[in-house]
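In this chain, numbering begins with 1 at the start of the sequence shown.
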Amino acid sequence: MKCEICQKEVEKTIPFYWGFFENEYNPEKWINACPNCCKEFLRASNISNQTKKPLINIETKIKTNTRKRTK
């Protein structure tokens with residue numbers, strides 16, 4: 001399986017909802033992420049009250065990769 005955040009081949013992926021900046025649920029914002037990327041998201045969300053930059057970087061990476069997938 002391939003992680004849709006880091007683009008690495010991994011044995012196991014986890015369903016990951018990346019609409020974390022939006023107010024309304026969007027069922028199209030589910031991707032498959034590796035455990036390492038999920039941990040990175042948790043770390044970034046833990047410091048989000050200080051800075052949103054790590055979460056913005058994760059969201060940008062996901063948007064870039066999902067655009068490549070749909071082309």
Side-chain angles (χ1 to χ4, degrees):
M1 300 181 151
K2 190 172 192 176
C3 174
E4 295 182 64
I5 298 175
C6 67
Q7 299 294 306
K8 293 181 182 174
E9 286 292 328
V10 293
E11 287 185 26
K12 179 183 174 186
T13 59
I14 301 166
F16 180 82
Y17 183 73
W18 65 277
F20 43 83
F21 282 129
E22 297 184 10
N23 293 331
E24 290 187 31
Y25 173 74
N26 183 347
E28 294 178 9
K29 296 222 172 181
W30 283 96
I31 60 170
N32 293 312
C34 68
N36 288 337
C37 287
C38 290
K39 285 179 193 174
E40 185 176 328
F41 168 76
L42 289 174
R43 283 188 206 108
S45 65
N46 283 336
I47 62 166
S48 66
N49 60 344
Q50 298 167 359
T51 178
K52 300 266 189 259
K53 184 106 173 118
L55 285 176
I56 292 169
N57 291 341
I58 292 170
E59 184 185 45
T60 303
K61 195 183 305 185
I62 293 169
K63 284 180 180 179
T64 302
N65 293 338
T66 55
R67 274 191 224 120
K68 288 178 187 176
R69 180 182 58 177
T70 58
K71 287 184 180 180

**Message:** Within this structure, what is the CD1-CD1 distance for the pair I31 and I5, rounded to the nearest 0.5 Å?
**Reply:** 4.0 Å
**Fill in**
Closest heavy-atom pair, C6 versus C34, reported as atoms and distance to 0.1 Å, is SG-SG, 3.9 Å
**Prompt:** What pair of heavy atoms forms the shortest contact from A44 to P54, and how long is it?
**Reply:** CB-CB, 3.6 Å
**Prompt:** Which pairs count as ring pair (Phe, Tyr, Trp, His ring centres under 6.0 Å) when at least one residue sits in residues 43-64, sequence neighbours excluded?
**Reply:** none
**Message:** Are K12 and M1 packed together at the side-chain level, in the sense that at least one heavy-atom pair is separated by less than 4.5 angstrom?
**Reply:** no
**Message:** Quick check on E11: does its CD atom have over 12 non-hydrogen neighbours (other residues, nucleotides or ligands) under 6.0 Å away?
**Reply:** no
**Complete:** Contacts satisfying side chain to side chain donor-acceptor pair (under 3.5 Å) that involve residues 14-23 (not counting sequence neighbours) are E22-K29
**Message:** I'd like to check the side chain to side chain contact (heavy atoms under 4.5 Å, CB included) partners of K53; sequence neighbours left out, ordered by chain and number.
**Reply:** T51, N57
**Request:** Go through the structure and list residues passing side chain to side chain contact (heavy atoms under 4.5 Å, CB included) with F21, not counting sequence neighbours.
**Result:** K52, L55, I56, E59
**Message:** Distance check, rounded to the nearest 0.5 Å: N46 atom CG versus S48 atom OG?
**Reply:** 7.5 Å
**Prompt:** Got a sec, which residues hit ring pair (Phe, Tyr, Trp, His ring centres under 6.0 Å) with F41, two or more places apart in sequence or on another chain?
**Reply:** F16, F20
**Minimum side-chain heavy-atom gap N65-E4 below 4.5 Å** = no
